[in-house]
Amino acid sequence: MRSSFKMTLLSNLHKVSLFFGTTLLGISSLATQVQPSALPENWHHGAFMEIFVRSWQDSNGDGMGDLKGLTQSLDHLKALGIKGIWLMPITASADHDHGYATVNFRDIEPDYGTLADFDELIQQAHARGIGIIMDYVLNHSAKQHPYFQAALQNPQSPYRAWFEWRQEKPEGWDIWGRDPWVRTANGSYLATFGEPMPDFNMRNPEVVKYHEDSLKFWLDRGIDGFRLDAVPHLIENSAKDWNDQPESRQLTGHFTQLIKSYPNRYVVCEATAEPKVYVREEICGGAFAFGLENQISKAAKADSEAIQKVVQYYAQAPHTLASFASNHDQFAGQRMWDQVSGNEAQYKLAAATYLLLPGTPFIYYGEEIGMAGAKGLTDDPFIRGPYSWQADAQTAGFTTDKPYRAIAGNVGTHNAAMQIQTAGGIYAFYQDMLRWRNARPSLARGTYEQPRVQGLAMSYVRTFGQERTAVAINFGLQAIELDVQAWPGKPRKLYGTSDSVNSPRPLIKLPPQSVHIFSLEP
Ligand SMILES: [Ca+2]
Ligand SMILES: [Ca+2]
């Protein structure tokens with residue numbers, strides 16, 4: 001648990017000075033550089049939205065989303081109840097799409113705007129009580145990065161040691177069915193995520209220092225934290241030992257410590273295979289709950305095994321994990337709309353399932369309006385389409401001209417303008433769930449007690465201080481009389497359409513496919 005703001009800062013500074021005491025990193029002047037946080041201490045327990053800037057809102061008519069467009073839409077996010085934004089990479093990149101092939105770690109992608117636009121975004125978000133974290137890619141750069149180009153063209157370049165070069169191409173490697181070594185006229189380099197993205201040599205202290213300085217560059221500008229990409233891949237030891245090596249965990253912890261030497265900052269890691277390890281305070285402090293996401297829509301479709309897995313998940317997992325129903329990567333699933341084939345009742349059950357559980361929820365942009373995949377596309381582009389602001393079949397209200405990518409197939413019915421006006425719609429449901437999460441600390445960061453399944457309904461109790469909240473979700477098509485005898489208090493309904501029956505014993509009637517929140521009172 002965090003102590004007071006000031007104590008946290010002091011103890012982190014202490015740890016940092018101990019940690020770096022014998023290195024050349026020279027951040028002893030940190031105390032004078034540290035920017036205070038503009039946000040309340042527990043801001044990162046609120047819901048985040050993951051935003052792909054290229055697909056969010058275009059402000060200048062070039063058909064691509066940008067930072068100014070995002071800044072102009074902050075009131076939309078605030079009205080929904082969002083407390084944090086995860087920006088997919090906004091640093092200058094070579095791929096002109098997702099942004100994970102970085103060419104400049106300390107500048108904004110030109111398609112997205114300028115550093116001045118970034119500063120304005122941070123200021124405007126903070127003015128609305130919203131924190132901003134950004135993707136940071138430690139493991140690799142783009143092939144077009146000037147340091148890699150120097151190393152590629154001249155084996156004598158000092159930057160040769162910044163990447164993983166071998167004169168003789170290593171043999172016998174297989175990463176996800178592919179040989180990660182790329183042969184060139186001047187030797188071979190390692191590229192875990194494909195030929196366009198060469199791995200850095202993360203054993204080189206100069207590379208570590210370079211990333212530290214880049215992270216500090218953004219922290220000094222007021223960023224509230226980072227989503228650290230692909231951290232189990234920082235260091236490879238051999239053809240056999242390339243995934244999640246002890247050195248990668250240690251190095252990730254090193255960067256987390258630097259980030260958290262700034263007050264009230266948040267780190268969430270992408271570690272698909274071992275989230276419960278990477279979530280540890282000494283590694284990341286936050287990590288995406290991979291393994292939960294693929295059970296959420298199954299539970300919503302009343303799969304009893306999935307309901308059991310969902311209700312038990314946080315009984316055995318740290319509450320600092322970050323839950324989500326889908327994200328920008330196809331391997332984590334389709335957009336929720338496509339997962340439930342447009343069934344709005346199931347859609348809402350899926351949303352409630354992860355928005356009321358412990359963990360920090362991350363809503364994928366468009367999920368809150370029921371946005372479908374991009375019409376006619378496949379693979380990752382299908383789930384990364386322009387946001388549906390309005391019913392306009394050409395522009396989706398995303399741009400004044402032609403969107404850079406196909407818009408959602410259901411723009412005519414599920415767009416922000418119409419959803420906001422629709423009583424009982426998906427947007428209103430997300431807004432309700434976040435309203436309760438924001439109003440009740442027990443839902444945002446309380447304990448997790450009495451996880452239970454009765455038929456196709458799940459229920460649990462969450463406590464924070466004197467406040468107790470019970471949640472009951474009936475996924476089934478039949479009403480259920482939920483036995484609530486063991487609940488520690490008398491249920492008072494906050495949300496839902498249940499009926500209480502008190503004889504012969506306390507029961508709550510849950511209609512089919514329904515979500516309920518109760519205050520438990522003495
Ligand atoms: Ca633009
Ligand atoms: Ca690596």
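Throughout, residue positions are numbered sequentially from 1 according to the sequence presented. Scope of the values below: all heavy atoms of this structure, side chains included, with no hydrogens, waters or symmetry mates. First listed ligand is number 1; within each ligand, the first listed atom is number 1.
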Quick check: does N139 put an N/O/S atom under 3.0 Å from the Ca ion (ligand 2)? yes
When you measure from the Ca ion (ligand 1) to each N, O or S atom of D62, which atom gives the shortest distance? OD1
Got a donor-acceptor contact below 3.5 angstrom from the N264 side chain to the P40 backbone? yes
Looking only at N, O or S atoms, which one in D58 sits nearest to the Ca ion (ligand 1)? OD1
Could you check if a side-chain atom of Y136 sits within less than 4.5 angstrom of a side-chain atom of F255, using non-hydrogen atoms only? no
For H233, the N, O or S atom at the shortest distance from the Ca ion (ligand 2) is O
Taking N, O or S atoms only and a limit of 3.0 Å, check whether Y112 reaches the Ca ion (ligand 1). no
Can you name the N/O/S atom of E236 that is nearest the Ca ion (ligand 2)? OE2
May I ask you to check if R435 and Y430 form a cation-pi contact, with NZ or CZ under 6.0 angstrom from the six-membered ring centre and within 45° of the axis? no
Test log, rule side chain to side chain contact (heavy atoms under 4.5 Å, CB included), inputs Y278 and T256: CA-CA 11 Å; Y278 279 81; T256 296; over 6 Å; no
What N/O/S atom of D66 is the closest to the Ca ion (ligand 1)? OD2
Is the NZ or CZ atom of K276 both under 6.0 Å from the centre of the six-membered ring of Y313 and within 45° of that ring's axis? yes
Which atom of D199 approaches the Ca ion (ligand 2) most closely (N/O/S): OD2
Examine M64 and say whether one of its N/O/S atoms is closer to the Ca ion (ligand 1) than 3.0 Å. yes
Evaluate the side-chain proximity of F226 to I259: yes if any heavy-atom separation is below 4.5 Å, no if none is. yes
Is the Y365 ring parallel, tilted or perpendicular to the Y387 ring (thresholds 30°, 60°)? tilted
